[in-house]
Amino acid sequence: MPHPQNPPFGFSIPPGAEPGERWRAPYACRSSLSRGRLVAEPASATRGEFQRDRDRIIHSTAFRRLKHKTQVFVSHEGDHYRTRLTHTIEVAQIARALARALGLDEDLAEALALAHDLGHTPFGHTGEDALEECMAGFGGFDHNAQTLRIVTRLERRYADFDGLNLSWETLEGLVKHNGPLLDASGRPTARYAKSGIPVAIVEYQRRQDLWLDSYASAEAQAAALADDIAYNAHDIDDGLRAGLFGHAELKSVPFLAELLDEIGQRHPGLERPRLTNELVRRVITRFVEDVIGESQARLTALAPADADAIRRADAPVVAFSARIDAADRDIKGFLYPNMYRHPRIAPIREQAAQVVRDLFARFSRDPAAMPAEWAADCDSLDEHRRTRRIADYIAGMTDWYALDEHRRLFDATPSLR
């Protein structure tokens, strides 16, 4: 495999450059060639367009809320479990590493990583499932679509526009985090085959075409894989920390068994916390190195002349090899029953879901129970728009705030412990 810092198919690092310094491939997105913003703005004298996107995301209210949104466990269980914010930071670090090794725009990859979870509800995927259930008759709920609503409508920080007015490339990458939304014939892809494209995306598409039938940029693909790598690694860490499974159980996954045997041979008798860390860091390293090698091979075969050639490709160019793709599926297959649906977590998940359902039902009956800025003009909205506003309000809550709102409105609120 080529050295991770060496560019593929004949490009070379500029003379005198140190390993790890930036180089830019012809297929990288370029800030100077951005398709622009929905609302035109003067260029910055000191920052490129993707740097500005990254900075706006970091300074957004939605980003700060990630600190108190649960990744898997409720935040009350301990100080050392991942939150949405710590997960996001880990994804951004991995995305930058992949982008640098592949000659991509690091600022765009980082911006996409930092924004990818802005649309998540309180209480992790449990909250999202509950809100999706509540919104079943009103266009549903999808966290990627909610991210788009946040960055194009719900953030109100700037005098000239709603949202963050991010560049086309960043919006495209957020919407296509899981790949194209439409196939070549214009039909929704598998993810949206039953439910259809989320309303928020359809509405925004009328304002600005995000090429829903193509792949996203290589930077977006790198950020999406960084997300997979990060949560595989840290969910193993958090699951071990919580005592939901042990190192012995992890050996049922061949890839993890191989790593644990390697650690055992090199560091026999290693204490449990160090063993966990050695395992997690090896998972990240092996996955990252695999993505770099596999992606360099795909890029060599495709030889894209520019970023649009990657969008028009028949398959992703940033990807796992077949072996690591299988390992990824095996790890997820282990974590689903042993962590996400663990019997010890099930009662807490149901209590959290009930908090969301209770809040939704109460605000649906009495929108005035929401804060004034959310309740304003609700009486003049049709049922679909009023219900969407309620979903926006609940989705933006942190775990703590959702529980506080529940205590304010109901006689009994679960502790989620």
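What's counted below: heavy atoms across the whole structure, side chains too, no hydrogens, waters or symmetry copies.
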Legend entry - Note: E203-R206 ion pair, threshold 4.0 Å (strictly below): no
Legend entry - Student check: side-chain heavy atoms of I292 and L98 closer than 4.5 Å: yes
Inset, instruction - State, yes or no, whether a side-chain contact exists between I390 and M370 at a heavy-atom distance under 4.5 Å. - result: yes
Inset, instruction - May I ask you to check whether H177 and H143 place their ring centers less than 6.0 Å from one another? - result: no
Inset, instruction - Decide, yes or no, whether a salt bridge links D142 with R191 under the criterion of side-chain N to carboxylate O below 4.0 Å. - result: yes
Inset, instruction - Test C29 against every option in E219, R35, E172 by the side-chain contact (heavy atoms from CB on, under 4.5 Å) rule and name the one that passes. - result: E219
Inset, instruction - Using a strict 4.0 Å threshold on nitrogen-to-oxygen distance, state whether D117 and K69 make a salt bridge. - result: no
Inset, instruction - Please round to the nearest 0.5 Å and tell me the distance separating atom CG of N232 and atom CZ of F334. - result: 12.0 Å
Legend entry - Ionic contact status for R30 with D105, cut-off 4.0 Å: no
Inset, instruction - Indicate yes or no: at least one non-hydrogen side-chain atom of S217 is less than 4.5 angstrom from one of L108. - result: yes
Inset, instruction - Salt-bridge test for R386 and E383: reply yes if a basic N is under 4.0 Å from a carboxylate O, no otherwise. - result: no
Legend entry - Salt bridge present between E106 and R54 (N-O < 4.0 angstrom): no
Inset, instruction - Taking the side chain as every heavy atom from C-beta outward, state whether I394 and F360 have any pair of such atoms under 4.5 Å apart. - result: yes
Legend entry - Contact check, side chains of R341 and Y336, non-hydrogen atoms, under 4.5 Å: yes
Inset, instruction - Before accepting this row, confirm whether a basic side-chain N of the pair R56/D53 lies closer than 4.0 Å to the acidic partner's carboxylate O. - result: no
Legend entry - D392 side chain reached by Q146 side chain, heavy atoms, under 4.5 Å: yes
Inset, instruction - For the pair E262 and R266, evaluate salt bridge (charged side-chain N to carboxylate O under 4.0 Å, His left out) and give the outcome as yes or no after the intermediate values. - result: CA-CA 6 Å; E262 176 186 303; R266 186 167 182 177; over 6 Å; no
